[in-house]
Amino acid sequence: MIIDGKELSARIKQELAAQVVSLKEKYGRVPSLVVILVGENPASQSYVRGKIKACAECGFDSTLITMPESVSEAELLAEIERLNGDEAVDGILVQLPLPKHIDEEKVIDAIALEKDVDGFHPLNVANLWLGKPCILPCTPKGVMRMIQECGFEVSGCNAVVVGRSNIVGKPMAKLLLDANATVTIAHSRTKNLAEVTSKADILIAAVGRPRMITAEMVKEGAIVIDVGVNRDAATGKLCGDVDFEAVKDKAAHITQVPGGVGPMTITMLMGNTIECFERKMNK
Ligand code: GUN
């Protein structure tokens, strides 16, 4: 069975839009998100368009700030500082990756914790690992929601996350651990990767290598979630980390690329923006 991220996202966005209507009645304004895009990376441009469009669908205010590739780190940091102090802004997102001359870590650290809708700020990450209230990173949060949708008992199962990035792999493992899965993080140095992945009741692929998860690597009846967004070298089309055509008959539930995790990430961002808005309003 295919877990349709687009359909699930549309459903959740409808719920969020209804929530925004009552927030407007209660507080007199709607949540507002600012997205900063530096440079002209086509993938980033496309993601950012998706985020701004989702804001409109949910009834948020949104602002897209574009900056040239040549912008200095100091200019970007000054803009973030200004937005941190702007009472009308609830969430700030700086689209990654940034040009090489800008220190990504410095930029993430500069975003006010209470406006960190990505959940990337070090204090947010610390709170996540300490089990304290925090903004959850969007992609892992969306993946958990998709797993829930399968009606699968996560507690006690074997979950394998392939990939160990700060944005996906590591927080993904923590959320699965919080749901009482037995979690393995595999990566490029893992020996006998197929042996590890074939024990997974839940397999999350987040490596960025086109179709590297083949049918032999997947347990019969597993849930397979594909976080990869790659370009097929031959066709130029988008493809995931999972060889979908081969794996779909073996998995009980599987996501597609596109139309799987991507839309869910954006939808979770909308939820996070509402969370930041509400926290501010209730302070
Ligand atoms: N680049 C790729 N994924 C993300 C994300 O979730 N947030 C931001 N800010 N940049 C990204």
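Nothing fancy with the numbering, it's 1 onward along the sequence. Ligands are counted one by one from 1 in listed order, and the atoms in each one are counted from 1 as well. Values reported hereafter were calculated over all heavy atoms of this structure, with side chains retained and with hydrogens, waters and symmetry mates removed.
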Heavy-atom check, side chain of Glu75 versus side chain of Met67, under 4.5 Å: no
Option nearest atom 8 (C) of ligand 1 (shortest heavy-atom distance, choices Val117, Val107, Asp118):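 It is Asp118 that holds the nearest heavy atom.
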Element-labelled atoms of ligand 1 that are located less than 4.0 Å from some non-hydrogen atom of Val94: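 So the atoms of ligand 1 that pass are 8 (C), 9 (N).
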Atoms in ligand 1 with a heavy atom of Leu93 nearer than 4.0 Å: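 So the atoms of ligand 1 that pass are 9 (N).
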Thr139 touching ligand 1 at heavy-atom level, < 4.0 angstrom: no
Phe120 to ligand 1, any heavy atom closer than 4.0 Å: yes
Inter- and intrachain pairs under salt bridge (Lys or Arg N to Asp or Glu O under 4.0 Å), touching residues 107-129, at least two apart: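 For residues 107-129, and leaving out neighbouring residues, there are no salt bridge (Lys or Arg N to Asp or Glu O under 4.0 Å) pairs at all.
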Residue, atom name and distance, where the atom is the protein heavy atom closest to atom 1 (N) of ligand 1: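 The protein heavy atom lying closest is Leu96 O, 3.0 Å.
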Ile185 reachable from Leu177 in the ILVMFWY side-chain graph, under 4.5 Å edges: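 No, because Leu177 and Ile185 fall into different hydrophobic clusters, even though each may have its own neighbours under 4.5 Å.
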Contact check: Gln95 vs ligand 1, nitrogen or oxygen atoms, below 3.5 angstrom: yes
Can a donor-acceptor pair be found between the side chains of [X] and [Y] at a distance below 3.5 Å?
X	Y	answer
Asn272	Lys141	yes
Gln95	Lys51	yes
Tyr27	Asn282	yes

